[in-house]
Amino acid sequence: RGHGLLTYEETLRVPLILHAPGRLPGRRVVRGRVALVDLLPTLVELFSLETVGGLDGQSLVPVLAADSEVQGSERSLYFESLVGTKEKNWSPRTGLVSGDYKLIEVPELELYDLVQDPGERRNLASSRRRLAAEMEGELERFAGSDEAQDGAHNGAKGSRDQADLYRVGDRFAHLNGDAASQGVGT
């Protein structure tokens, strides 16, 4: 339905492959849902990096190092696609995955049961109005927070996160050669 443009599972659910010889065991498959927000805390822990402040997300190192599942799988995960907004003048596509359910906020609200309907073919927003309203309220609270303004962190928190990203990039460049040849942290 349009990778990178829409917010259905074939766009959002993509493999995350980490390779860190000597730091992670090989060939570990994590079945639970994780988010890109978990990547920075994971890299910080893997490479024993210092951070300026607290990080959003959770480190996946405990899950990758042992035979355990993702902690906090009950947490709601925010997603968005602004590609259509910028390229086609569409409304933003934002939403939440919470437990087995996924809410997509577009002009007509969409709610899917990802276990019963993994292909997202049956919109339950009208038949599960209470759940849709609860998830929509949670999405609005998240979107109105400092954690999500225009699809990016803002204010001082954003500056800390950006500094941490550059520090992680510089550390990788140091481990793998110079930053310019790696295209990292520049």
Side-chain angles (χ1 to χ4, degrees), residues 1-18 32-44 51-58 60 75-114 117-126 131-170 172-173 179-186:
R1 288 187 256 187
H3 188 79
L5 183 60
L6 301 178
T7 53
Y8 298 102
E9 287 298 280
E10 64 262 20
T11 300
L12 297 180
R13 205 136 166 136
V14 295
L16 171 63
I17 301 171
L18 296 174
R33 190 179 289 268
V34 300
L36 284 178
V37 71
D38 299 327
L39 190 54
L40 183 57
T42 301
L43 296 174
V44 165
T51 63
V52 176
L55 298 173
D56 292 333
Q58 64 184 19
L60 301 173
R75 69 182 172 152
S76 295
L77 297 176
Y78 172 81
F79 60 85
E80 67 183 16
S81 174
L82 303 177
V83 175
T85 306
K86 295 175 181 175
E87 294 180 6
K88 300 183 180 290
N89 202 28
W90 290 357
S91 64
R93 268 66 176 143
T94 60
L96 287 175
V97 175
S98 184
D100 295 341
Y101 292 92
K102 178 179 183 182
L103 180 85
I104 304 173
E105 188 173 59
V106 289
E108 182 179 324
L109 205 60
E110 298 179 21
L111 177 69
Y112 299 101
D113 180 333
L114 296 175
D117 181 21
E120 298 167 293
R121 302 287 182 222
R122 291 181 302 279
N123 183 356
L124 303 174
S126 60
L131 177 59
E134 289 171 5
M135 289 181 73
E136 186 176 30
E138 184 178 358
L139 177 61
E140 288 172 4
R141 284 187 298 281
F142 178 82
S145 72
D146 285 344
E147 295 179 50
Q149 292 293 325
D150 298 328
H153 295 282
N154 67 352
K157 175 96 173 103
S159 299
R160 285 194 314 268
D161 285 348
Q162 187 172 14
D164 288 337
L165 281 171
Y166 282 121
R167 189 171 293 108
V168 169
D170 289 343
F172 281 122
S181 69
Q182 297 295 316
V184 179
T186 58

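Source: prediction; values computed, not measured.
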### Query
Considering all heavy atoms of both residues, which atom of E108 and which atom of N123 are nearest to each other, and what is their separation?
OE2-ND2, 4.0 Å
### Query
What distance separates L18 CG from L60 CG, expressed to the nearest 0.5 Å?
7.5 Å
### Message
Over 60° means perpendicular and under 30° means parallel, so tell me whether Y8 and Y112 are parallel, tilted or perpendicular.
### Response
perpendicular
## Note on the structure
Nearest heavy-atom approach of L96 to F79 is N-CE2, 3.3 Å
### Summary
d(L124 CG, L131 CG) to nearest 0.5 Å is 8.5 Å
### Task
Measure across L40 and L55 and return the closest heavy-atom pair with its distance rounded to 0.1 Å.
CD2-CD2, 3.9 Å
### Message
Test your reading of the model: is there a side-chain donor-acceptor pair from D113 to the backbone of D117, 3.5 Å cut-off?
### Response
no
### Summary
Heavy-atom nearest pair, V14 first then T11, reads CG1-O, 3.6 Å
### Message
So for atom CG, which belongs to L36, do other residues, nucleotides or ligands contribute more than 12 heavy atoms lying within a distance under 6.0 Å?
### Response
no
### Query
So how far is it from E136 CD to R141 CZ, rounded to the nearest 0.5 Å?
10.5 Å
### Query
Which heavy atom in A125 sits nearest to a heavy atom in L111, and how many Å separate them?
N-CB, 3.7 Å
### Query
Rounded to the nearest 0.5 Å, how far does CZ of R33 lie from CZ of R75?
10.5 Å
Side-chain donor-acceptor pairs of residues 82-89 under 3.5 Å, sequence neighbours excluded:
unit_1: T85; atom_1: OG1; unit_2: W90; atom_2: O; d: 3.4

### Summary
In short, L109 meets L103 closest at the heavy-atom pair CG-CD1, 3.7 Å
### Task
Would you mind listing every salt bridge (charged side-chain N to carboxylate O under 4.0 Å, His left out) that reaches into residues 93-104, with sequence neighbours excluded?
E9-K102, K102-E120
### Query
Only one of T42, V34, D38 forms a side-chain contact (heavy atoms from CB on, under 4.5 Å) with L16, so which one is it?
V34
### Query
How far does CE of M135 sit from OG of S98, to the nearest 0.5 angstrom?
5.0 Å
